[in-house]
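Quick note on labels: first sequence line is chain A, next is B, and so on, each numbered from 1. As a basis for the values below, the full set of heavy atoms in this structure was taken, side chains included, without hydrogen atoms, waters or symmetry mates.
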There are 2 protein chains.
Amino acid sequence: MSTDNPKKSLFAQFALVAKALSHGNRLELLEFLAQGERNVESLARLTDISVANASQHLQRLQRAGLVIARRDGHSVCYRLADEKVVTLLGALRVVTENNVAEVDRIIAGYFTSKDSFEPISHDQLLNRSREGLVTVLDVRPKEEFDAGHLPDAVNIPLKELENRLNELPKDQEIVAYCRGSYCVLAFEAVEKLRNHGFDVRRLEEGLPEWKLAGLPVERERKNI
Amino acid sequence: MSTDNPKKSLFAQFALVAKALSHGNRLELLEFLAQGERNVESLARLTDISVANASQHLQRLQRAGLVIARRDGHSVCYRLADEKVVTLLGALRVVTENNVAEVDRIIAGYFTSKDSFEPISHDQLLNRSREGLVTVLDVRPKEEFDAGHLPDAVNIPLKELENRLNELPKDQEIVAYCRGSYCVLAFEAVEKLRNHGFDVRRLEEGLPEWKLAGLPVERERKNI
DNA sequence: AATATATTCAATAGAATTATTGAACAAAGT
DNA sequence: ACTTTGTTCAATAATTCTATTGAATATATT
């Protein structure tokens, strides 16, 4: 870190950022932050860790330059420092998927028959959506939907899905998406809807990757 | 890691990969490996750490799935597991450059007036090189050059540069490159050549990024 | 000013990571 | 078989990281 070798000093800096990424809780926090700004308490609740622990992890991320804190009333809101952080997380995900066998094991064990779901990509969705052939379903909680969502998407949070099946078409393909590639929401939504006879597939990526690709995002006007 | 929550399990796997990146020595090893396969001893020498320590770091990288080992005679050769690792390292570099102030401080302190060197990008180099306006200079050691280099590049290792100035044109722009964005070789080459009155600039990236962009690479035939 | 809420700080014990040392191992040459 | 060379293993002490706990701080509300 404080060596006189400039290259080593630089690598030490890169290493500090990598170290900030080297804990599951922090990666999960970053995934939620990729959806938008959030305060400490809600992040702690979402990731199911104590507030003090979430606070410490968030400060670690801040020290590494990955997130930025902002005071709002008596809560502190964190957000990603940079959209390139999403790129970095994506690269980390891809390398891990490609080279760590354990990932396949976990997916095979929990997400039954992931492959049979045949996830659909950005481009495929754009093509079909242009032709009006698809209903896009956002299964995230309403607050996240309001902060930004795919064009013409319908929002039915996963919890309400069973009670609102009548809002979805039986004669048209449905594409469900949620926070990111491994967010369980879309997986579960696909499973539920299939059981009810819907023609449904999962979007390969989530909203952050969609935004990163420069694709359009709608936002509710009433957004504060 | 062995929780029953699939999302947490996956993030734990991603975190293990990030942890493998969380040490300066390992990042430096990866940078050299991005140039091509190498054995433990040469990597230890290049990074100026003990062989035992290099071995341990390399094994850590292997366990994380980032590199692959192969026995060759009585030495063990390591290589990157995947070209996506280069993408990951690049993303880590970009995020760190953008958000960690310390990086600017280090660059300002050691690489005098980095900005005044006005590094040239892939695309710019391609354009000029097509017009035959540029001499491309590879300042890496001969063995690395032989394993792959930019088209029509001239190889003069940094150490020999002062003695071989007569091989370079005074009336044409020279673009120097080396291993990667922060490899000191190109910086120093530019400085030396400027002092001798050459019109020289530095390529923004190194060979691994060039290859990753899908651009052509030449290789010596005699390469084993 | 007093109270409530949200966050951070400080202290702690247990766990993990680091570089170094010297021994152990495997392949090649003599 | 023996030696040499290149690599890995095992043990170690110093350092760092982690989650938890309860106290301290900052902002808004009454």
Do B/Val67 and B/Leu29 have side chains that get closer than 4.5 Å, going by heavy atoms? no

For A/Asn155 and A/Pro141, indicate whether the former's side chain and the latter's backbone hold a donor-acceptor pair under 3.5 Å. no

Round to the nearest Å and state the distance from A/Gln62 atom CD to C/dC9 atom P. 9 Å

Whole angstrom is fine here: how far is it from CG in B/Leu21 over to C1' in C/dT18? 17 Å

Report the distance from atom CG of A/Leu16 to atom P of D/dT15, rounded to the nearest whole Å. 18 Å

Mind listing the residues from residues 70-79 of chain A sitting with a heavy atom below 4.0 Å of DNA chain D? Number order is fine. A/Arg71, A/Gly73, A/His74

Is any side-chain heavy atom of B/Leu88 less than 4.5 Å from a side-chain heavy atom of A/Leu88? yes

Rounded to whole Å, CG of B/Leu58 lies from P of D/dG6 at a distance of 16 Å

Between the side chains of A/Tyr177 and A/Asp138, does any donor sit under 3.5 Å from an acceptor? yes

Heavy-atom check, side chain of B/Val154 versus side chain of B/Thr135, under 4.5 Å: yes

Find the distance B/Arg45:CZ to D/dT7:P and express it as a whole number of Å. 10 Å

Whether A/Ser55 contacts C/dT7 is assessed here as follows: a side-chain N or O lying under 4.0 Å from the phosphate OP1 or OP2. Is that the case? no

Can you find a pair of side-chain heavy atoms, one from B/Leu215 and one from B/His122, that are under 4.5 Å apart? yes

Assess the residue pair A/Glu191 and A/Arg194 against the criterion (salt bridge (Lys or Arg N to Asp or Glu O under 4.0 Å)); give the C-alpha distance rounded to whole Å, side-chain angles, the decisive distance to 0.1 Å, and a yes or no. CA-CA 5 Å; A/Glu191 203 151 343; A/Arg194 290 235 165 153; over 6 Å; no

Whole-Å distance between C/dT7 P and A/Glu37 CD? 12 Å

Which salt bridge (charged side-chain N to carboxylate O under 4.0 Å, His left out) pairs, counting each pair once, include a residue from residues 35-56 of chain B, with sequence neighbours left out? B/Glu37-B/Arg70, B/Glu37-B/Arg79, B/Arg38-B/Glu143, B/Arg38-B/Glu144, B/Glu41-B/Arg45

Identify the pairs formed between an N or O of the protein and an N or O of nucleotides 16-22 of chain D at a distance under 3.5 Å, and give each distance.
{"from": "D/dC17", "atom 1": "OP1", "to": "A/Arg60", "atom 2": "NH2", "distance (Å)": "3.3"}
{"from": "D/dT18", "atom 1": "OP1", "to": "A/Arg26", "atom 2": "NH2", "distance (Å)": "3.3"}
{"from": "D/dT18", "atom 1": "OP2", "to": "A/Arg26", "atom 2": "NH1", "distance (Å)": "3.4"}
{"from": "D/dT18", "atom 1": "OP2", "to": "A/Arg60", "atom 2": "NE", "distance (Å)": "3.2"}
{"from": "D/dT18", "atom 1": "O3'", "to": "A/His23", "atom 2": "NE2", "distance (Å)": "3.3"}
{"from": "D/dA19", "atom 1": "OP1", "to": "A/His23", "atom 2": "NE2", "distance (Å)": "3.2"}
{"from": "D/dA19", "atom 1": "OP1", "to": "A/Asn25", "atom 2": "ND2", "distance (Å)": "3.4"}
{"from": "D/dA19", "atom 1": "OP2", "to": "A/Asn53", "atom 2": "OD1", "distance (Å)": "3.3"}
{"from": "D/dA19", "atom 1": "OP2", "to": "A/His57", "atom 2": "NE2", "distance (Å)": "2.7"}
{"from": "D/dT20", "atom 1": "O4", "to": "A/Gln56", "atom 2": "NE2", "distance (Å)": "3.0"}

